[in-house]
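The first residue of the sequence shown is numbered 1, and numbering continues consecutively from there.
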Amino acid sequence: MYIKSGLLQAFLLGGVAASRVPDLSERTVDSSARAWAAATEKANRFIAQLNLTEKAAMVTGSSSAGRCIGNIAAIPRLGFTGLCTQDGPTALNRADLVSVFPAGLTAAASWDEDLIYARANALASEFREKGVQILLGPSAGPMGRHTMGGRNWEGFSPDPYLTGRSMDATVRGIQDTGVQAVSKHFIGNEQETQRTRTVSEDGSVVEGISANIDDRTLHELYLWPFADAVKAGTASLMCSYNRVNQTYSCENDHLLNTVLKGQLGFKGYVMSDFFAVHSGVKAATGGLDMNMPGGIDLASIYAGSTSFFGGNLTSAVNNGSLPIARLDDMIRRVMTPYYALKQDQGFPTQDPSSGPVLARYFAQQIPISAEIPARDVRHNHADVIRKLGAAGTVLLKNTNSTLPLVSPKTIGVFGNDAADLSAGLDNALKDDRTGTPLGTLDIGGGSGSGKHTTIISPLDAIKARAQKIGARVSYILDNTVLAANDLHSIYPTPEVCIVFLKTYASEGYDRTTLEADWNSTLVVNNVAARCPNTVVVTHSAGINIMPWASNPNVTAIIAAHLPGEQTGNSIVDILWGDVNPSGKLPYTIPVNETDCNIPIVNLTSISSPTEWQANFTEGQLIDYRAFDAKNVTPLYEFGFGLSYTTFDLGSSISTKALVKNPSAAPNPKTAVVIGGHPDLWLDLVKATIQVSNSGKVAGATVVQLYMSLPADAPAGSPVRTLRGFKKIYLKPGHKSNVDFYLKRRDLSYWDVASQQWVLPTGEISLQVGFSSRDLRIKTTVRVL
């Protein structure tokens, strides 16, 4: 959701007092069935006290009910103080004195579930202390079908397993603070271009794009990480803007009722993306539980006029078109997580600065007298930001051990990405296609972004390190100057030249090229022609091609992604070896844009309002799966990443069957639970391999396990799929065993005919290595 307008009114400017923030132990989620049942009973008692108007209000956002981007109004007579929802998955957007964390893409590049959890936990604690009950994140949609998708950076990876594990860790990290997670965007929300319905000045309507996805692809690829989120206990799922197989996601009965609430056993509530609702009763009966922000469009919400829910639901109940039981179910789904997370027990009040900050964001002008000091909720979160920023940094090239730097006496810094923010601390919120010409990029744009309180630029961090070691730093930050090959001010030629490139992306737009922004190729080539020891660092919201990668003067390449506010410190930690790089690519880098590109649908003219169609004819074959299927050699493959040390694997994989004679499909007599059929989450096979650090310095690596179905598996099966990973830290000469537990779901495929997960017959191949193309040890297992 991304809205920017001058329509927000002065009601946002009120203030409230802060309350004590409970200790974490007081607000830890009890996810047991007994706790959920107790919360449901509380919700039922609450529902029994509501009149019909209040019931409708409980599922309809209200702009006049609070200072948040989405609000459910309070009911004082019942002691219910309302609900506040705020963006987003990377920072508490539109707020002051908050942290800007590494993007989801960076978190996935760490392949470290503990750090991903820590990121989510620290982020959610800031939401809680600001009095925000509902965090709009994490994101598993878009997954990254399109390499140029504008919001890929908010999510994790185009691989469903890596995204699923990241969703699980993030949901748990958020909800262990007592804040609700809203996993989004469900489902098929893979491009920004025509993502939803548009209305022209003459009133003609063009429907949002329809993601046309076959049943097996839906289950094995796009639904997979949402199942992990549901299993982890996510309070809510956000339905997406787009249509899916011709029906809008937020009124799609099959997706919301049959698949999500049926097959996955989801007991929480479905929240709409903002202004993604296009019907009332149809959406409610189709599975939507909460309409956000409540109005039909911006003009109506701020004018306090019609909503598809609200009064329309009360009328529908009165005329019999909406059963009261369904309305009660909607409220029960909203209130049960509220009670399960103990948000009724001393939750902090909203930060009184929220209204003025939000008002300034939209109206861009408020009187100074309306400014209210914000609560500082950052604590020591810079530590986890810095650590994750380094852990999510991937070393791609390191010729002749250029890195880590030892004691260079002259250092050159080049490129507009090295500079401090030149357009203010909100420059990442810029709603255009390229961001600002000068200033480092640590986060993308749109609702998933955030307002910096502080930021450490790469140049500042390099200067600080250089001062400690007595080195001299020279620099040119203007890419126009660099592209013109005007490097005359650089003398002498630095021992190492570090070029910082950036690639901006924002909600509302898709990228148009995989090349880094701002004349990047010319910048690199010009610097490298002058400097025989050139290191290139990319800060990017997605995949970049690297036409200069084979240049012999480019001796090292680092993909640093979007590291958050400690970006400069994180990269310096890597450059000087304070941190041994351990990040791995969560996607594939192609040699050319055309190697495995699925074009964004972008119609220049249309003849019918429903013409926008995205046919997912590639099925599951996206990213490394497509490279494998087409036998295309990438520049750098999925899972790849270098280290300052070396790692080896043992000579064999040992396997052990954990369940004797499993049935081909889950037991049909067993009831579905939260997360789906319980049999799907049972471990069937244990695989073990030894890993050792054969180098000279300590470091971490990611051991990866890939599965290939038998040859007689249904057509369209990937050559191999990730089914396990483990990040492990080892000192030089040390070794350790790594265990992988393969669940029934991991080893199954979705059978369209029987509408269930089925184990294959024949030998399943298991391969272990350090990337999708560096698979060193192989074995086979039979489960049937």
Side-chain angles (χ1 to χ4, degrees), residues 1 29 85-93 99-128 132-144 149 151-177 179-187 189-190 222-240 260 264 266 268-271 273 337 341 384-385 388 392 443-444 446-450 507 541 561-562 564 586 675:
M1 184 275 301
V29 180
T85 77
Q86 295 278 50
D87 296 303
T90 307
L92 204 174
N93 201 346
S99 305
V100 174
F101 288 81
L105 184 69
T106 309
S110 77
W111 295 62
D112 188 325
E113 292 182 71
D114 291 337
L115 271 180
I116 296 171
Y117 175 95
R119 165 188 180 259
N121 196 259
L123 171 63
S125 73
E126 296 194 4
F127 276 69
R128 182 181 178 92
V132 180
Q133 290 97 342
I134 301 171
L135 188 161
L136 301 180
S139 176
M143 276 188 60
R151 298 187 80 175
N152 291 353
W153 62 273
E154 293 185 43
F156 298 102
S157 166
D159 179 79
Y161 187 90
L162 178 55
T163 292
R165 298 310 308 151
S166 301
M167 291 291 284
D168 171 90
T170 304
V171 168
R172 290 186 292 105
I174 291 169
Q175 296 194 168
D176 280 355
T177 70
V179 171
Q180 298 183 38
V182 180
S183 300
K184 60 182 189 177
H185 304 86
F186 189 80
I187 196 166
N189 187 181
E190 294 296 317
Y222 297 102
L223 185 66
W224 185 285
F226 285 105
D228 285 283
V230 172
K231 178 67 173 175
T234 187
S236 176
L237 264 80
M238 178 183 284
C239 53
S240 55
L260 177 60
L264 297 188
F266 178 58
Y269 59 98
V270 176
M271 175 196 293
D273 206 338
L341 290 163
V384 71
I385 293 170
L388 181 54
I443 196 65
S447 62
S449 191
E507 179 179 359
H561 300 110
L562 299 176

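Using a distance-only test at 3.5 Å, with no hydrogens or angles considered, a donor-acceptor pair links the side chain of S236 to the main chain of Y269. At least one donor-acceptor pair closer than 3.5 Å links the side chain of N93 to the backbone N or O of G446. Using a distance-only test at 3.5 Å, with no hydrogens or angles considered, no donor-acceptor pair links the side chain of S99 to the main chain of F101. Using a distance-only test at 3.5 Å, with no hydrogens or angles considered, a donor-acceptor pair links the side chain of E190 to the main chain of G144. Judged by distance alone, with hydrogens and angles left aside, the side-chain atoms of S125 form a donor-acceptor pair with the main-chain N or O of A122 at under 3.5 Å. Of the possible polar contacts, none joining the T177 side chain to the N121 backbone as a donor-acceptor pair under 3.5 Å is found.
A salt bridge does not link D228 to K231: none of the charged side-chain nitrogens sits closer than 4.0 Å to a carboxylate oxygen.
When all heavy atoms are compared, the tightest approach of N189 to S240 is CB-CB, 3.7 Å. The heavy-atom pair separating M143 from P225 by the smallest distance is SD-CG, 4.0 Å. Scanning all heavy atoms of the two residues, the minimum distance from S447 to D87 falls at O-CB, 3.1 Å. Minimum heavy-atom separation, L237 to L260: CD2-CD1, 3.7 Å.
Under the 30°/60° scheme for interplanar angles, the aromatic rings of F186 and F226 are found to stand perpendicular.
With sequence neighbours excluded, no residue satisfies ring pair (Phe, Tyr, Trp, His ring centres under 6.0 Å) with F127. For P158, the side-chain contact (heavy atoms from CB on, under 4.5 Å) criterion is met by Y587, I622, D623, not counting sequence neighbours.
A donor-acceptor pair shorter than 3.5 Å cannot be found between the side chains of S166 and R119.
Exactly one residue among S139, S157, P142 makes a side-chain contact (heavy atoms from CB on, under 4.5 Å) with N152. That residue is P142.
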